[in-house]
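Working notes, structure below.
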Amino acid sequence: MFELKYDFKAVEKKWQQKWEEGKVFKAGTDYTKPKFYALVEFPYPSGQGLHVGHPRSYTALDILARKRRLQGYNVLYPMGWDAFGLPTENFAIKNHIHPEIVTKQNVARFKSQLQALGLSFDWDSEINTTDPNYVKWTQWIFLQLFKKGLAYKKEMAVNWCTSCKCVLANEEVVGGVCERCGSEVIRKVKSQWMLKITEYAQRLIDDLDQVDYIDRVKVSQKNWIGRSTGAEVDFSTTAGDDLRIYTTRPDTMYGATYMVISPEHPYIEKWADKLENMDEIRAYQEASARKSDFERTEMAKDKTGVELKGVRGINPVNGKEIPIFISDYVLMSYGTGAIMAVPAHDTRDWEFAKKFGLPIIEVVKGGNVQEEAFTDCATGEMVNSDILNGLSVQEAIEKITKVLEEQGKGTFKVNYKLRDWVFSRQRYWGEPIPLVYCEKCGYVALPESELPLKLPNVESYEPTDDGESPLANITDWVNTTCPCCGAPAKRETDTMPQWAGSSWYFLRYCDPCNNDALASKEALDYWMPVDWYNGGMEHTTLHLLYSRFWHKFLYDIGVVSTPEPYAKRTSHGMILGENGEKMSKSRGNVVNPDDIVDEFGADTLRLYEMFIGDFEKSAPWKTSSIKGCKRFLERIFSLQDILVDGEEFSAKLETSMHKLIKKVSEDIENMKYNTAIAAMMTVLNEIDGSITRGEYKTILLLLNPFAPHMTEEAWELCGFGGAITDQSWPVYEEAKCKEAVVEIAVQVNSKIKARVNVPADASKEVVMELAAADPAVAENLAGKTVVKEIYVPGKLMNFIVR
RNA sequence: GCCGCUGUGGCGGAACUGGCAGACGCAAGGGACUUAAAAUCCCUCGGUAGAAAUAUCGUACGGGUUCGAUCCCCGUCAGCGGCACCA
């Protein structure tokens, strides 16, 4: 027999060239066709090159994109580069190369690696966040936010490395020390640009109902936004001022035995002359200001605080005077920065009360409040609470809130954990914030005609000693005139975070070269929303939330026509090292995709990554398992040797083929790639002796999205006509998916005794007869009374006997 | 502490809506081909007992519901990820 050798290297190169030259995967401009916009997170082109994790996500959506094209859709499956970022800048600083050059090199490497995988990206819509034509629109969006009052400046504590003398991003602080040099990181107060994402908090929760995201993403986003409902209540004080607190448990007001305000609370200054122990209070304020986030977390269990001597609070529900403390367990940034403490029903208050010997008054029955706080609000009954006695917690919350509202002392209130987005970076390699500071006019937006505001060329990209951006030293660039009044003015020297460019990139893909708008309205109306967005769970709370926020803003100002950017969001699991740990250089378990492509081929790598396990779950890499996928592809390829005439399915394989089309089609839609591949392997194992042209065509088409090169080559070699990418996705007939005869299990008292073949459409009576006729079953039924028969069509027959 | 996820052979993993546990692949063992190796092809492959037919146990652990539980309910343990004094 003539043996076909499959030379993956030559074949993959050949088809990659053909696809590129023919622009086979370029998105069409015929906006009357049904569209499919598939999106994967564009990578940060790091110096390390592609990771084996990247192809898992990219191949998964490549399979969907390729299937949709065969199904007649106009598909946009784009790729680009999220190229601003710290590693590039740090590399540039260390090696004295301009970050732009570093970026260019890294992008070139990433691109060639991706192309070697045969991913069907539309390279004509490639974008790069560092491209001035892209930066222009990132800056434009910022200006719109600024003009609508959604960007503002605020004094903020930032991470400051005492050795590097520079500001660090949170991700660069590991375990309280600088990731690079291991020195202490302290907090330094700086004025930062902020974006009011909190203004969109409720809509970001509510609109999750409109989108098809996997549940764990929705849950994480909701938790991150952290909505809670309660009441704000004014406590009067002996100082005369009302002190406003926030509580989610207004029902427990009769149990409040003291109050706590945050060390940063403004009333401390206000009350300074009334407070008798101001020295002690000041010392505590300073101590907590010095604590880093890390220390505060570490000491979370141990409660500290100081009583304010000279001012006391008055509980509005019973007129009782209670002491006020300052303690850093109350945060200025949440609620009102002040609380009423109910030790009987709050764990933190309980610990504090125990430590400071404060009274604990039970107001909800059900626990032992001297032993621990009773925080359950589903059970229990109100006690020691005057008008609330006998009510449930829920009833009490409603009643007391209403009473307080009537008295003008309280009001229903919703709070969110979500904070506004810190948008400034004191770095070089980011989009400059396009604002000018004028003594007279304040911060003024650059006219849109001056966008993009480009980064100046500089000698050194290092941050300054005092924590200013490297741009602050470029006086030529910094000094300008006010666009408003023409007076001398200074440019803002902070740059935007990496999240900026990735918050709207999916819009640019729709119309990547537009100079008049971030994308044309027609393109946006046609392509948006993204139909299917796949990415990592690690982006659930930052990128995904930020981009939804920007999109909603753009919707509000009429730039886009959909309130949500992504119709569907799925998430892939991580690929771990062979030892089951996260892949990392330091663990020495990194697999380089180039090596795998070189040794086994791109199709095999793609297939293996899809076969490795449940797409949504993490799975350990195992190089020795790859060869199973390679064998499978080679066996499919060499089916050419046993090809026989006939465009129809043979009688022997007809049912299998229809079932296979159904299975593969459905599994792809459900991202069950592993079982789709297994089903193809199963059918391959059934093929014996010969295969018709019709069968082979179908198998090649089903396999094409997974292994595009090999299937193209086989299609061509067999002379099936045209390119496989121009064909149509196979369709099945439901009626032909059913076997004529099925094997069912026969049980007696739920124990399997035999398996019998019965016609698929047989009635219960017929099946019972056939089953009872089996010798092993007959033996078990002999002399017994059948009290019940359970028949599950196509599955089993169960006789219950006595 | 809180939230989420996971637990099935030597390994990765299958199992529709509660209906034959272990599909598919890897590894391993045996055989064929070969001077030999690689490649390829065929057979076996959860535990125990048995020559075998078969019996019996078995989906982290303990209970429960059911004719029947990997799947549903209650409880426990272990691992992973995220958040972390959010009143």
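Computed over heavy atoms, backbone and side chain alike; hydrogens, waters and symmetry mates excluded. On a predicted model such as this, the values are computed, not experimentally measured, just so you know. Residue numbers start from 1 in every chain, and the chains themselves are labelled A, B, ... in the order their sequence lines are given, proteins ahead of strands.
- Residues passing the ring-ring contact (aromatic ring centres under 6.0 Å, His included) test with A:F632, sequence neighbours excluded: none.
- The aromatic ring centroids of A:F325 and A:F352 lie less than 6.0 Å from each other.
- Note on residues 793-802 of chain A: pairs passing side-chain hydrogen bond (donor to acceptor under 3.5 Å, both in side chains), not counting sequence neighbours, are A:Q747-A:N798, A:S750-A:N798.
- Rounded to whole angstrom, the span from the CD atom of A:E538 across to the P atom of B:C5 amounts to 18 Å.
- Here the separation of B:U44 from B:G22, taken at their P atoms, is 15 Å to the nearest Å.
- When the C1' atom is used for both B:U35 and B:A27, the distance is 29 Å, rounded to whole Å.
- Whole-Å rounding puts the A:M610 CE to B:G25 P distance at 19 Å.
- The residue A:N685 sits close only to the backbone: its heavy atoms come under 4.0 Å of sugar-phosphate atoms, none of a base.
- A:L684 has its CG atom 12 Å from the P atom of B:C24, to the nearest Å.
- A:L796 is not listed as a side-chain neighbour of A:I752, based on a closest heavy-atom distance of 4.5 Å or more.
- Defined by atom type and a distance below 3.5 Å, a donor-acceptor pair is present between the side-chain atoms of A:T304 and A:Y284.
- Per the geometry, CG belonging to A:N579 stands 13 Å off P belonging to B:G12, to the nearest Å.
- Relative ring orientation between A:F374 and A:H345 is described as perpendicular, the plane-to-plane angle rising above 60° on a 0-90° scale split at 30° and 60°.
- Note on A:S228: only backbone sugar-phosphate atoms sit closer than 4.0 angstrom, heavy atoms only; bases stay farther off.
- Residue A:N223 has its side chain nearest to B:C3 when only B:C26, B:A23, B:C3 are considered.
- Here B:G82 presents its P atom at 20 Å from CG of A:D215, a figure rounded to the nearest Å.
- No side-chain heavy atom of A:V363 sits under 4.5 Å from any side-chain heavy atom of A:L388.
- Anti is the classification of B:G79, since its glycosidic angle lies more than 90° from 0.
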- Message: Please convert RNA chain B into dot-bracket. A pair counts if it is Watson-Crick or G-U wobble with both distances under 3.5 Å; crossing pairs go in [ ] and bases paired with another strand get |.
- Response: (((((((..(((......[....))).(((((.......))))).((((....))))..(((((..]....))))))))))))....
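- Across the interface with RNA chain B, nearest-nucleotide mapping of A:I800 and A:A679 shows A:A679 to be the residue nearer the 5′ end.
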Sequence neighbours left out, cut at 3.5 Å: what donor-acceptor pairs do the side chains of residues 603-612 of chain A make with other protein atoms?
from: A:D603; atom 1: OD1; to: A:H709; atom 2: N; distance (Å): 3.4
from: A:D603; atom 1: OD1; to: A:H709; atom 2: ND1; distance (Å): 2.8
from: A:D603; atom 1: OD2; to: A:H709; atom 2: N; distance (Å): 3.4
from: A:D603; atom 1: OD2; to: A:M710; atom 2: N; distance (Å): 2.8
from: A:T604; atom 1: OG1; to: A:F600; atom 2: O; distance (Å): 3.1
from: A:R606; atom 1: NE; to: A:F706; atom 2: O; distance (Å): 2.9
from: A:R606; atom 1: NH1; to: A:D62; atom 2: OD2; distance (Å): 3.0
from: A:R606; atom 1: NH1; to: A:L117; atom 2: O; distance (Å): 3.1
from: A:R606; atom 1: NH1; to: A:G118; atom 2: O; distance (Å): 3.1
from: A:R606; atom 1: NH2; to: A:D62; atom 2: OD2; distance (Å): 2.6
from: A:R606; atom 1: NH2; to: A:P705; atom 2: O; distance (Å): 2.8
from: A:Y608; atom 1: OH; to: A:K622; atom 2: N; distance (Å): 2.9
from: A:Y608; atom 1: OH; to: A:K622; atom 2: O; distance (Å): 3.3
from: A:E609; atom 1: OE1; to: A:R56; atom 2: N; distance (Å): 3.0

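- Straight-line distance between the C1' atoms of B:A52 and B:G13: roughly 32 Å, to the nearest whole Å.
- The minimum heavy-atom distance linking A:R216 with A:E616 is given by the pair NH2-O, 3.3 Å.
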Can you pull every protein N or O that's under 3.5 Å from an N or O on nucleotides 39-50 of chain B?
from: B:U40; atom 1: OP1; to: A:R631; atom 2: NE; distance (Å): 3.3

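- Residues from residues 333-343 of chain A with heavy atoms under 4.0 angstrom of RNA chain B, sorted by number: A:Y334, A:I339.
- The CG atom of A:D346 sits 16 Å away from the P atom of B:G1 (whole-angstrom rounding).
- In terms of the ring-ring contact (aromatic ring centres under 6.0 Å, His included) criterion, residue partners of A:Y546 (sequence neighbours excluded) are, by chain and number, A:W421, A:W499.
- Distance A:D328 CG to B:A87 C1': 14 Å, rounded to the nearest Å.
- Look at the P atom in both B:C77 and B:G29: the space between them is 42 Å, to the nearest Å.
- Of the candidate nucleotides B:G10, B:C24, B:C85, B:C85 has the atom nearest to the side chain of A:Y329.
- Atom P of B:C42 sits at a distance of 33 Å from the matching atom of B:G50, rounded to the whole Å.
- Judged as a side chain to side chain donor-acceptor pair (under 3.5 Å), and not counting sequence neighbours, the contacts of A:S57 are A:N534.
- B:U66 and B:C71: their C1' atoms are spaced 13 Å apart (whole Å).
- Applying the ring-ring contact (aromatic ring centres under 6.0 Å, His included) rule to A:Y254 yields no partners; only residues at least two apart in sequence or on another chain are considered.
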- Message: For nucleotides 13-22 of chain B, give me one character per nucleotide, 5' to 3': B if any protein heavy atom sits under 4.0 Å from the base, S if the only such contacts are to the sugar-phosphate, - if neither.
- Response: SS-B--BB--
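- Judged as a salt bridge (Lys or Arg N to Asp or Glu O under 4.0 Å), the pairs with a partner in residues 667-689 of chain A (not counting sequence neighbours) are, in order, A:K67-A:E669, A:R68-A:E669, A:K663-A:D667.
- Rounded to a whole angstrom, the distance from the C1' atom of B:A78 to that of B:C61 is 10 Å.
- For A:Y267, the ring-ring contact (aromatic ring centres under 6.0 Å, His included) test picks out A:H265, A:W271, with sequence neighbours left out.
- Remark: P of B:G12 and CD of A:E609 are 18 Å apart, rounded to the nearest angstrom.
- Going from the C1' atom of B:C11 to that of B:G81 covers 23 Å, rounded to whole Å.
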- Item | Intermediate values then yes/no, side chain to side chain donor-acceptor pair (under 3.5 Å), A:E41 and A:H539 | CA-CA 9 Å; A:E41 287 162 353; A:H539 291 123; 3.0 Å; yes
- Query: Between A:R419 and A:S333, is a side chain to side chain donor-acceptor pair (under 3.5 Å) present by the stated rule, with each step listed?
  - Reply: CA-CA 8 Å; A:R419 303 291 155 80; A:S333 51; 3.1 Å; yes
